[in-house]
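Chain letters run A, B, ... following the sequence lines, proteins first and then strands; every chain starts at 1.
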There are 2 protein chains.
Amino acid sequence: MNGTLEAEQLDALFMALGDRTRRDIVARLSAGEATVKELAERYDMSMQAVSQHIQVLERSGLVSRGRHRQTRPCRLEPGRLEAAASWIEQSRRVWAERMDQLEARLAHLQDGEGR
Amino acid sequence: MNGTLEAEQLDALFMALGDRTRRDIVARLSAGEATVKELAERYDMSMQAVSQHIQVLERSGLVSRGRHRQTRPCRLEPGRLEAAASWIEQSRRVWAERMDQLEARLAHLQDGEGR
DNA sequence: TGCTTTATCAAGCGTCAACTTGAGTAAGCA
DNA sequence: TGCTTACTCAAGTTGACGCTTGATAAAGCA
């Protein structure tokens, strides 16, 4: 389990995080489970709208749902957050390595050893 | 400069990363600058299409463009990648803290000290 | 058994995103 | 001066997104 996903899954993941309401739901769920009704009240939004947001989050793998009486409590699946962070780190690392090399070559030149 | 952005900027940022071509452009630019034409050849795509992707990335703050002869070389601005990573880390941290607390309470109960 | 609560399904509406084509601009070259 | 290269602008098409309304399902309660 190294957090690496297919392009389609990354599409769904970053697309899900591209909506402010869904990002807030993720942040809210990081502190514990919540029901559709609770989220609808929190965002002053219809339950249908929240339900659709949850479905997007579920498709992205960020959220899963259980069953408890009439409710469908939503909980965060942090594995996908790790996958997103992992993708970002990959590009940041490549960039940082290149910058280090550029710096080293610049220092080399300033030592008067450039051709 | 702590990498924290407004909701609108995060919308643009994650939305920009929600497209596979744009993610690949970001990964490509992490290894160095590229022109619109080079990217169009790489993805077998019209220059207009690439130009529009670059505009999206520019609006998100992930990419900036210079001028060199007839070309507009694109380069990565890693600050926004850090901002995205930072947002993700925030939720992951909250979740991890809660998990630690739940574990501690479970251990407590198993020691026979539960109410 | 009906009534309420919680949530989903389905259809429709307005907006925006991704790409296309065609035209236009700006820089370098012959 | 024309011609090519690299790129952008503008308009149009197609499809997806976010939300709404109305109907429906499933569980608990009186």
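- Of all heavy-atom pairs spanning A/T71 and A/T35, the tightest one is CB-CG2, 3.8 Å.
- The side chain of A/A49 approaches D/dT20 more closely than any other nucleotide in the set C/dT6, D/dT8, D/dT20.
- For the pair A/I25/A/L57, a side-chain contact is recorded, criterion being any heavy-atom separation below 4.5 Å from C-beta on.
- Side chain of A/R98 to main chain of B/S30: a donor-acceptor pair is present (N/O by atom type, distance under 3.5 Å, no hydrogens or angles).
- Using a 4.0 Å cut-off on heavy atoms, none of the residues of residues 24-44 of chain B approach DNA chain C.
- In this entry the distance linking CZ of B/R22 with C1' of C/dA18 reads 8 Å, nearest Å.
- Per the geometry, NE2 belonging to A/H53 stands 13 Å off P belonging to C/dT8, to the nearest Å.
- Taking the six-membered ring where tryptophan is involved, the planes of B/W87 and B/F14 are perpendicular, since the angle between them exceeds 60° and thus also 30°.
- In terms of heavy atoms, B/S60 sits closest to B/R80 at O-NH1, 3.1 Å.
- In this structure, CD of B/Q70 is placed 7 Å from P of D/dA6, rounded to the nearest angstrom.
- Across the protein-nucleic acid pair, B/M15 atom CE and C/dT15 atom P stand 17 Å apart, rounded to whole Å.
- Rounded to an integer number of Å, the gap from CG of A/D19 to P of D/dA16 is 18 Å.
- Taking atom CZ of A/R67 as the reference point, atom P of D/dA25 lies 15 Å away to the nearest angstrom.
- Taking atom CE of A/M45 as the reference point, atom C1' of C/dT6 lies 18 Å away to the nearest angstrom.
- Of all nucleotides listed (C/dC19, D/dT20, C/dA17), C/dC19 comes nearest to the side chain of B/Q52.
- For A/R65, the listed nucleotide lying nearest its side chain is C/dT8; candidates were D/dT21, C/dT8, C/dG22.
- The phosphate of C/dT8 has OP1 or OP2 within less than 4.0 Å of a side-chain N or O from A/S51.
- Mapping A/Q48 and B/S46 onto DNA chain C by nearest heavy atom places A/Q48 closer to the 5' end of the strand.
- The distance from atom CZ of A/F14 to atom P of D/dC17 is 17 Å, rounded to the nearest whole Å.
- A pairwise comparison of heavy atoms in B/L62 and B/L76 identifies O-CD1, 3.4 Å as the closest pair.
- When the shell of 6.0 Å around CZ of A/R105 is examined, it contains 12 or fewer heavy atoms from other residues, nucleotides or ligands.
- In this structure, of D/dG18, C/dA18, D/dA6, it is D/dA6 that holds the atom nearest to the side chain of B/M47.
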